[in-house]
Structures are given as C-alpha cells and as structure tokens.
Amino acid sequence: MTTATRTDAASSALHVADSHDVIRVHGARVNNLGNVSVEIPKRRLTVFTGVSGSGKSSLVFDTIAAESQRLINETYSAFVQGFMPRLDRPDVDLLEGLTTAIVIDQERLGANPRSTVGTVTDANAMLRILFSRLGEPSAGPPIAYSFNIPTRRASGSMITEKGKGERTVVRGAVYHGGMCPRCEGMGTVSDIDLTQLYDENKSLNEGAVRVPGYSMDGWYGRIYRGCGFFDPDKPIREFTKKELDDLLYKEATRIKVDGTNLTYMGLVPQVQKSYLSKDIDSLQPHIRAFVERIATFTPCPDCGGTRLNEAARSSKIKGISIADACAMEIRDLAAWLRELDEPSVAPLVRALVDTLESFVDIGLGYLSLDRPSGTLSGGEAQRVKMIRHLGSALTDVTYVFDEPTIGLHPHDIQRMNDLLLQLRDKGNTVLVVEHKPEAIAIADHVVDLGPGAGSAGGEVVYEGDVAGLRDAGTVTGRHLDDRASLKPSVRTPSGALEVRGANTHNLQNVDVDIPLGVLVVVTGVAGSGKSSLIHGSVAGREGVVVVDQSPIRGSRRSNPATYTGLLDPIRKAFAKANGVKPALFSANSEGACSTCNGAGVVFTELGFMETVSTTCEECEGKRFQASVLEYKLGGRDISEVLAMPVTEALEFFGSGEARTPAAHTILGRLADVGLGYLTLGQPLTTLSGGERQRLKLATHMAEKGGVYVLDEPTTGLHLADVEQLLGLLDRLVDSGKSVIVIEHHQAVMAHADWIIDLGPGAGHDGGRVVFEGTPADLVAARSTLTGEHLAQYVGA
C-alpha cells in the first residue's frame with residue numbers, strides 16, 4: 001500500500017479523539033439519586049425534566065458541574081487552592097467525558113449596596129475609561145468616575161532602601177476618586193429615629209436599649225457596666241447631656257473591663273456600621289424590620305442619588321455626564337454611544353456597545369446601569385450572568401442553566417430559546433433544568449427523572465427525544481401537552497383595593513382598582529412594572545402578607561422543622577411527656593451529640609484537599625446523645641420523628657398519645673403546598689429551588705392577613721405541581737382571603753378571576769395598565785401580547 005493510500009484510509013476513518021462524544025455518569029448517589037447512570041450527548045442541548053425534588057439539580061449541578069469545577073480547581077497549585085472554595089468529590093462511581101462547566105444559576109447577585117448592574121457586568125469600567133478620555137472638563141483618570149473610590153490626599157516622606165544607602169523622597173499627592181463624600185457612594189443618607197433605639201423611661205440594666213442583640217446579659221452588658229461613662233441603673237431620661245451624647249454618639253474608644261480589652265461605640269455609629277451600611281434586603285427579617293422602623297432613607301442632597309462627587313458629575317460628553325449615562329435605559333445608552341464618532345476610542349466604544357446590545361438581545365434593555373444588583377429578580381440576575389458568555393469565543397464548554405425561563409413572559413421565552421440554541425450551535429454542550437414545555441420543545445435530548453419526588457424519585461425514567469417523551473407515560477410526558485381552559489364563571493369581588501398615582505420606577509401615575517375576595521393575576525412582559533405596582537403600592541399596607549422571591553437562607557443544620565417553627569411544639573410535646581427540659585430535644589442545644597456537636601457527621605480537614613465527612617460513630621448520624629433517645633413520644637424517639645416524611649408525621653401528631661395540634665397545623669400547611677414527601681429533618685441545603693419556594697409559602701400561610709401577595713409562585717414547579725398550586729390558591733380565596741399573584745404562567749392566568757395586564761412593553765415603554773378584566777375578555781380582545789399568548793395557550 002502506498003503512503004497516499006494509507007493517508008486516505010486514515011482520514012476516512014473515525015479519529016479516536018472524536019469518539020468522546022458523550023458525558024458518562026455511572027452510579028450517581030448524590031442526595032436522593034439512586035445509582036443513576038446516564039449518557040449525555042456533547043455539543044447538543046439536553047433538557048432535564050421531572051417533578052420538583054426528583055433529583056434534577058442533584059444530577060446536573062451537584063454531580064456533573066460540581067465534579068468539573070473540582071477537577072479544574074485541582075489544576076492549580078496547592079498554594080492557590082488554599083484560597084479557593086473546597087469542593088468535595090460527588091458520590092458517584094464514574095464520570096467520563098467532562099468538559100469545563102460554566103454554571104448560570106438562579107442565585108441572586110450579591111446584595112452589596114455598592115454593586116450595580118454596571119459594576120457586575122464591567123460596563124461601568126468601560127464607561128469610566130471612556131469619560132476619562134473624552135469628558136470635558138476631565139475629572140481625572142478612570143477611578144475619578146468611580147463612586148466606590150474616595151478622593152485621598154497623601155503627604156509626608158517615603159523611605160526607599162537601595163543598596164547600602166537610603167534615600168528620602170518628600171511627596172504630596174492627590175488620588176482622585178469619584179465617591180460623593182456626603183453619602184460615601186451609597187446614593188442615600190439615613191435619618192435615625194432615636195426614640196426607637198431606646199426607652200427613656202428605663203435604665204440600661206432594665207433593658208432600655210431596643211437594638212436587636214443588645215442584651216445586658218452578654219458582651220454589651222459588660223461594656224455598658226464597665227465603661228464608666230454613665231450609671232447603668234439610672235433611667236435614660238435622667239442622663240446628663242454628656243452622658244446621653246456618650247451613649248448615642250461616642251466614636252470607637254478602647255476600654256478595659258475586668259482586665260479584658262474591649263471597644264465602646266455609641267449606639268448611632270454602631271447601628272450605622274452594623275446595619276445601615278448593608279443592603280436592607282440582605283438582612284435577616286427581624287433585623288430588616290428594625291431597620292425599617294428606625295431609619296428613613298432619602299436620596300443624598302449633595303449628589304442627588306447619583307453617588308458621584310461634583311467633579312465626576314460635571315465632566316460631560318456631548319452634554320451627558322457619566323451619571324446621566326448610567327441612569328439611561330441600556331437600549332437608549334447603546335443608541336447614544338453608536339452616535340459617538342471618536343476614532344481614538346473606537347475599539348472601546350465598539351466593545352461597550354456590544355456588551356449593551358447583549359442586554360437588549362437577552363430582553364434586559366429596560367434596565368439601567370445604576371440599578372442596584374440586589375433589586376434584580378432571580379430571572380433577571382440569571383440573564384445578566386449570561387451576558388458575559390454570549391460573545392465568548394470559547395467552544396466545547398458545558399453551559400449549565402437552572403430554569404432560564406424564570407421571570408419570562410411567554411413572549412420572551414422564544415428569545416431565550418434562541419440564545420440557548422446559539423450557544424449550542426457554537427459547539428458547546430448545553431444542559432438545562434427546566435419545566436416550561438416551550439423550553440423542553442427545543443431539546444435535542446431529554447433526561448426525565450422521577451417517578452416521584454424525594455425518596456420516591458432519583459431514577460432516570462426516560463431518555464430520548466421530545467417526541468418519545470410524549471409517549472413515555474411518565475409524569476412529565478403525560479402533562480407535556482396539558483393546556484388549562486378558561487373558567488366557565490368567575491367569582492364576584494367583595495370590594496376593591498385602590499391604587500392611585502403609582503409612579504414607582506417606570507410606572508406612569510397608574511390608577512387601578514384591585515378586586516378583593518377573588519384571585520387576581522398581575523401580568524405583563526418582564527420589566528413592564530408588575531413588581532413595581534404591587535410591591536410599591538400594595539405590599540406595605542396593613543393586613544398584606546407578601547411571599548416574594550428572596551431566597552431561603554440556612555445552613556445544613558437548618559431543616560423544614562426548624563425553618564417553619566415545627567420543632568418548637570414537637571420539643572415541648574416530648575418534654576411534657578417525659579418531664580424534662582425542651583432544650584434536650586434540639587440537636588443545636590443541650591441534646592446534641594458531644595462528638596459531632598449535633599451535626600450527625602464528623603468533618604476532617606485535609607488542608608487544600610477536599611474535606612472528608614464521615615458519619616458520627618457515637619450517634620450513628622442521629623445527631624442526639626444516647627440518653628436523649630431514651631425519651632419517647634408515641635413510641636418514637638426524637639430522631640425517628642425527624643426522619644418521618646410530612647405525610648407520616650401528619651398522621652402521627654394528629655391522634656393518639658402524640659397528638660399535638662400546633663404541630664399538626666404546620667404539617668397540614670406543608671402537605672397543602674405539596675411537600676408531603678419531605679422528611680422533617682432534611683437539611684435545607686439539599687432542597688431544590690422549587691421546594692424552598694413552597695416551604696416559604698407554607699410558612700407565610702401562618703401569618704394573619706386578609707390579602708396574600710405571591711410573586712411568581714410557579715417558580716421551580718413541574719407541570720403536574722401547578723395544578724396543585726391552583727388548588728391551594730382556590731382554597732385561600734374560598735377561605736375569605738384576597739390573593740394577588742404576579743405571574744407569567746398561562747395556566748395561572750386562565751384560572752384567574754381578574755387579570756391586570758401591564759405594558760405594552762418594558763421600561764419606559766411600559767408602566768401602564770393595558771388591560772383590566774376577566775381572562776375570557778382578555779382572550780376575546782387579544783389586544784395585548786399577554787392576550788395573544790393566552791389565546792394561543794387555551795386554543796381559543
């Protein structure tokens with residue numbers, strides 16, 4: 001055979017490198033996965049479906065993406081790994097064919113008050129360079145346009161050691177920053193209501209200080225009693241002017257109490273440092289309530305809320321300052337930049353316009369760069385994270401998405417689908433966890449998990465294309481073509497909640513009457529003003545209970561029993577039945593196993609390598625001392641009760657010796673929201689996004705109020721679970737409550753008694769009520785985007 005013949009034969013054969021065309025998972029056991037084995041095609045769009053809690057996130061995020069990121073981290077030196085998050089190897093027998101994984105999840109962007117849309121996407125950085133080159137009069141280098149950097153002045157001497165001698169250089173310098181000195185770059189100033197900080201009729205020892213955590217039994221008690229600035233037994237109204245000033249305003253001062261060095265600080269600077277300098281949405285609920293009670297936030301009078309100093313605000317390009325540019329809607333800013341004809345900065349302008357156009361392409365053109373990142377919804381945050389990847393030249397990357405259609409109107413879902421296909425067509429592997437049928441329909445490959453949730457799930461029940469899924473007989477397959485029908489009749493309102501002149505964000509002096517005693521759905525494209533209307537004009541009223549999209553925070557020690565308050569009546573029931581203290585029945589208190597401190601596992605740190613966790617040999621993972629497990633209630637010990645699913649616990653605490661009405665009521669709410677399969681002691685860190693949303697809903701159902709506001713309650717819900725949610729909403733309305741739902745899901749719209757549609761577009765193209773009426777009237781009129789899509793959905 002000639003050389004040419006051999007070459008031709010080799011070129012026609014499949015190269016061995018091309019045989020690695022799948023990601024192989026064998027024997028995955030993370031969370032509830034039951035030895036799952038699956039092959040996922042590379043350079044294709046694979047959608048993972050299944051009811052909430054079936055194991056989708058465990059397979060995609062906690063197994064495939066986690067192992068990819070762990071292996072990448074291991075390529076760095078031990079020194080660098082010491083500064084990186086430590087990732088454990090997933091519980092899986094074999095993982096082959098992994099590529100670099102980029103996770104784009106639902107986690108909200110950090111609620112740092114200094115973080116904005118512009119800072120998290122680097123658009124602000126490019127804009128600052130642009131103004132430092134073209135702004136007139138120039139404020140200085142790029143940092144002179146940054147609201148996070150103050151102007152600093154330095155003078156004195158610098159000693160430089162060179163060879164055998166020293167040289168002293170006297171220097172005076174100004175480091176220009178753009179931070180407004182009055183508000184320190186926050187954009188707002190706070191005014192504190194002093195009467196809310198203390199009770200003037202009490203002494204400090206009597207608990208005069210009302211700040212959360214300021215107990216006289218702890219450190220603050222030692223500081224106040226030992227500082228010597230005032231008498232802790234004297235009522236505050238009798239304090240001298242000097243004593244009151246020391247209590248309220250004294251700056252940080254070192255003091256010595258019983259031989260211990262401590263720091264004393266007045267109440268006002270302490271509260272400003274601990275609470276007011278943080279984003280209010282990131283605070284715990286009781287702290288947030290305290291801050292809202294004591295402080296009023298108003299735009300800074302010096303900078304007008306722009307966060308920038310006078311020099312940065314005065315520097316302009318064609319009459320536009322950087323503050324004006326950041327306040328524009330992104331699509332308008334992109335149009336303004338396209339008109340700049342400056343060859344010296346042409347590459348910079350082109351890169352900035354490309355970034356801004358990515359916002360528009362992804363449906364976020366209505367945002368502005370000065371929008372605080374903590375105010376973005378989960379769906380908006382996820383799409384902002386996508387922006388940096390859309391123009392990337394990388395290929396053969398695995399992109400992992402967690403329900404990218406969250407927060408999207410049906411009109412916007414098609415745009416999101418196009419972006420996912422665009423990433424795939426560049427030669428990437430795209431893995432999507434999704435429930436919406438419109439997004440499932442574009443999949444090249446589907447992996448359906450189930451058949452149920454929790455311990456009843458964790459199996460692959462179908463693999464193949466979308467057509468095969470419809471015929472597979474799984475829960476997803478049966479519900480894939482479900483379409484809700486319009487209600488034959490709607491409820492009659494019992495009254496109306498009046499909103500007049502609403503102008504929060506992009507609302508344009510909206511006047512609307514929201515019917516009471518019925519199910520009201522507020523809809524419209526993303527950015528049309530739905531949340532601004534409800535959260536800005538309804539949420540703060542008396543008797544209104546709000547279940548928003550803010551995430552549940554909790555460590556692995558938190559579980560459904562602790563989060564819902566269920567553990568309290570259970571502990572009291574155990575204590576009463578056995579004549580002992582309730583604290584014994586808490587794994588975070590006196591009853592905790594002394595070896596693992598109530599964690600159930602023992603962690604062994606191995607430096608820069610992954611931490612090894614092993615089941616505690618003393619308590620065998622039960623988390624309690626052996627003596628505590630001898631106490632029984634209804635024949636069960638506390639660890640056995642916490643291992644019960646909600647449905648079993650509902651029966652256990654409903655009758656017999658263990659009958660506990662308070663616990664039974666909470667368990668009933670958990671069952672109502674479809675969480676009957678969860679065990680009471682399951683760590684919150686193992687719950688899916690949909691499970692956390694419903695757990696939160698169950699907790700808020702206990703609050704007393706006549707009006708319930710739900711912000712996209714279908715988030716994370718499977719098609720089969722939406723039906724159960726509609727039943728829950730009906731029960732709330734039938735019990736005499738008024739329910740207002742901000743929602744995009746057509747099944748919820750069709751089930752409504754009244755629809756308020758905002759639009760017609762997003763940003764300054766929205767902010768108006770474009771329809772009010774019944775779902776049938778909306779479908780008949782088809783006068784809005786929502787009406788067109790709802791008509792198509794119900795087949796009208």
> Run the salt-bridge test on R128 and D122 with the 4.0 Å N-O cut-off and return the result as yes or no.
no
> Is any side-chain N of the basic residue among R293 and D193 closer than 4.0 Å to the acidic one's carboxylate O?
no
> Do you know which two heavy atoms are closest between L678 and E691, and how far apart they sit?
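In this case the closest contact between L678 and E691 is CD2-OE2, 3.9 Å.
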> So, using side-chain hydrogen bond (donor to acceptor under 3.5 Å, both in side chains) as the criterion, who are the partners of R307 when residues are at least two apart?
none
> Within the distance-only criterion (no hydrogens, no angle test), does the side chain of T523 pair as donor or acceptor with the backbone N or O of E743 below 3.5 angstrom?
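Here the side-chain-to-backbone pair exists.
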> Going by distance alone, is a donor N or O of one side chain under 3.5 Å from an acceptor N or O of the other, for R694 and S52?
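The criterion, which ignores hydrogens and geometry beyond distance, is satisfied for S52 and R694.
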> Where is the tightest heavy-atom contact between D370 and A327, given as atom of each residue plus distance?
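In this case the closest contact between D370 and A327 is OD2-CA, 3.4 Å.
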> Among H764, E380, E329, find the residue that satisfies the side-chain hydrogen bond (donor to acceptor under 3.5 Å, both in side chains) test when tested with Y366.
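Filter result, single survivor: E380.
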> Would you say E434 and T405 are linked by a side-chain donor-acceptor pair, where the criterion is simply a distance under 3.5 Å?
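Per modelled atom types, T405 and E434 side chains form a pair under 3.5 Å.
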> Any ring pair (Phe, Tyr, Trp, His ring centres under 6.0 Å) involving residues 717-761? Give me the pairs, sequence neighbours left out, ordered by first then second residue.
H409-H744, H435-H718
> Locate the shortest heavy-atom distance separating L308 from A323; write the atom from each residue and the value.
CD1-CB, 4.0 Å
> For R500, is there an ion pair with D513 - N to carboxylate O distance below 4.0 angstrom?
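Yes, this pair counts.
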> Is there a donor-acceptor contact under 3.5 Å linking the side chains of T715 and E403?
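Side-chain D/A pair, T715 to E403: absent.
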> Is D730 salt-bridged to R491, going by a charged N under 4.0 Å from an acidic O?
yes
> Between CG of L367 and CZ of F359, what distance do you get to the nearest 0.5 Å?
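Here the rounded value is 7.0 Å.
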> Under a 4.0 Å threshold between the charged nitrogen and the carboxylate oxygen, would R313 count as salt-bridged to D324?
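No, D324 and R313 are not salt-bridged.
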